[in-house]
Amino acid sequence: MNDPIIIAKDINKVLGSGAGQVHALKNVNLSLRGGEVTMLMGPSGSGKTTLLSVLGCMLAPTSGTVQVCGVASEGANAEQLAKLRREHIGFVFQTYHLFPTMSAVENVQLALDVRGLCGRIARAKAHDALEKVGLAHKLCSYPLELSGGEQQRVAIARAIVSDPSAILADEPTGALDGCNGQAIMSILATIAADSDRSVLVVTHDSRLTSFADRIIFIEDGRLVDEQVGNARAPKRRTAALAGH
Amino acid sequence: MPLNLILATRNLFYDRLRFVATMIGIVFSVVLVMVQMGLYLGFGQMVTTVIDHTSTDLWVMRHGTKCFEDPSLLSANKQTRVAAIAGVAETIPLVIGFSGWILPSGEITPVFVVGSDLQTLQPWNVTEGTVQALSAPGAVAVDRSYFERLGVSGIGSKANIRGHNVSVAAVTDGIRSFTTTPYIFSDLSHARTYIGIPSTMASYLLVKLRPGANLDDVRHELQASLPDSEVLTSAEFRERSRLYWLFGTGAGAALFAGAILGIIVGTVIVGQTLYSSTKDHLDEFATLRAMGSSRGYIYSVIIYQALLNAVIGFGLATLIGFAVVRLTMNGALPVLITPTLILAMLVLTMIMCVVSALAAIFRVLRVDPVMVFTR
């Protein structure tokens, strides 16, 4: 088994205050290991995105600890969390969040630019990343000139270009048709083939489970079930994860 | 080009209407400040133009004289006492004063007469006639820009000052008075009669020093021997005149007030447009933040946008400023735009735009990267 890249221990997250307070995550324990595609599934409002945000160091947990590549995010301020994201994590969003005024290659380069890598090397790396997702012929296209599937592929290229240890994808196929969705998942699964990289995919779409090594179910802020995904073996392993 | 600068540039031009509105704001503001400051400089130069063209080391004047145009008089007899001081090479009386120029039609228009030895202070930019011709009885020099007002057409034109017939013997170009009253140059004795000053009086005594004489020593001795007079260097008298006209009269304060108003208007307009532009691009800034960009990186995008606004706006405003310079070049009060003013305006515009970016930066400070999941 590969080393864990992200470890979450006893994570609780309370959102809001007063009467509107919501206990979004309850005693969540989770490890994301290298070489795995982990799928996080659950109904709307179950805490999937909140968990993704906490694992991705965008949101600090109310209690519990998150370790990314051995670095604990506990007590880190906004800048230190940004540094953790910068160094270890790549994100893919449902609505792509590409920069409309920048071409595909510039969008990808931007992920390197924020990491202080610019110039010819950055452009070559961005070119390579786009080639990996099959968009070498669309380098200079602007997001509005690309289809939804192509835009998501640019977003994936942007997420992988800095060679992060973890790729966290929030409903990456949510805005795509079935065919494009499968293609995107296929790319993400290929990325996870690298034993040093873990991919977490938040999704509603049960058709995508064939790409998962593990499937984790979340309900009402608790991890309630874990299955071995179809990508690995058909056997089912159920465990009460909540409270671990 | 750095990618954050590319992003700033694209964001800037993405909404063209807003860009145009920003440019109008900046250009209006910069032109207003530039013209006000140009007027300040032009005015400051105009009020000392005669002093600037007088080749003397020291000015002796009645105590409390506020500016060159001050009508205070001192006794010309002091000339002898001045001449007796060691180090003084020459003492030349200078008279100035308002008088009435009677046109052939009988109409009277005020003129400002300046009379001296025609060497220490002589009309400059003479385009017709000669300075030497002014020593002839009734010979005067006038500026071409006042021909119509004085009812003359050039050399040989006749008129009358306070009952004395005069004839135009020299024509200058560009000697304009900020008071709009035309300067009339003549020799000392005739100037006295035109103004009505007795030969025992003078407005100023111009003191030239012998080579090697110590200016401070001579000045000290002059001051000691003329207790009711003041002795100033040309630079000091220039500064005193400038300060009097600019600040003693409130003209400078008004110009500065206009300039400050321009800065405020510009800052508010740029601030508002930059803030709304930043608000429109919050998703992008949140995405950058989610990607792990530092706050500094995001600020750099906003600051670049502000500086681009500044440079483009400043460029356009400077073109307009030069057009204003050309338009006012021959006017009563020319706008003077110097290289120093241009540089100062560039720095000021940049500061103005960066300060304007503060509101946008404060807005971005509150950007939560989590918002990328909810939009």
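Numbered from 1 within each chain, the chains take letters A, B, ... in sequence-line order.
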message = Need one label for B:Leu7: side chain, backbone, both or neither, based on atoms under 4.5 Å from any heavy atom in chain A.
response = both
inquiry  = Angle between ring planes, B:Phe285 versus B:His281, binned at 30° and 60°: parallel, tilted or perpendicular?
reply    = perpendicular
inquiry  = Please rank A:Glu106, A:Gln94, A:Glu171, A:Arg115 by heavy-atom pairs under 4.5 Å with chain B and give me the top one.
reply    = A:Glu106
ask   = Of all of A:Leu59, A:Leu110, A:Thr49, A:Thr50, which one pairs up most often with chain B through heavy atoms under 4.5 Å apart?
value = A:Leu110
Pair A:Asp170 + A:Lys48: basic N to acidic O under 4.0 Å = no
inquiry  = For chain A, which candidate among B:Ser300, B:Gly296, B:Ser294, B:Ala290 shows the most heavy-atom pairs at distances under 4.5 Å?
reply    = B:Ala290
inquiry  = Taking B:Arg289's backbone N and O only, do any of them form a donor-acceptor pair with A:Arg85's side chain (distance below 3.5 Å, no angle check)?
reply    = yes
task = Give a yes or no on whether the backbone of B:Val324 and the side-chain of B:Thr328 come within a donor-acceptor separation of less than 3.5 Å.
result = yes
inquiry  = Please classify the contact between A:Leu84 and chain B as side chain, backbone, both or neither, with a heavy-atom cut-off of under 4.5 Å.
reply    = neither
query = Once the angle between the rings of B:Phe19 and B:Phe13 is folded into 0 to 90°, is it parallel (under 30°), tilted (30 to 60°) or perpendicular (over 60°)?
reply = perpendicular
note = Whatever's closer than 4.5 Å to a heavy atom in chain B on A:Ala78 counts as both
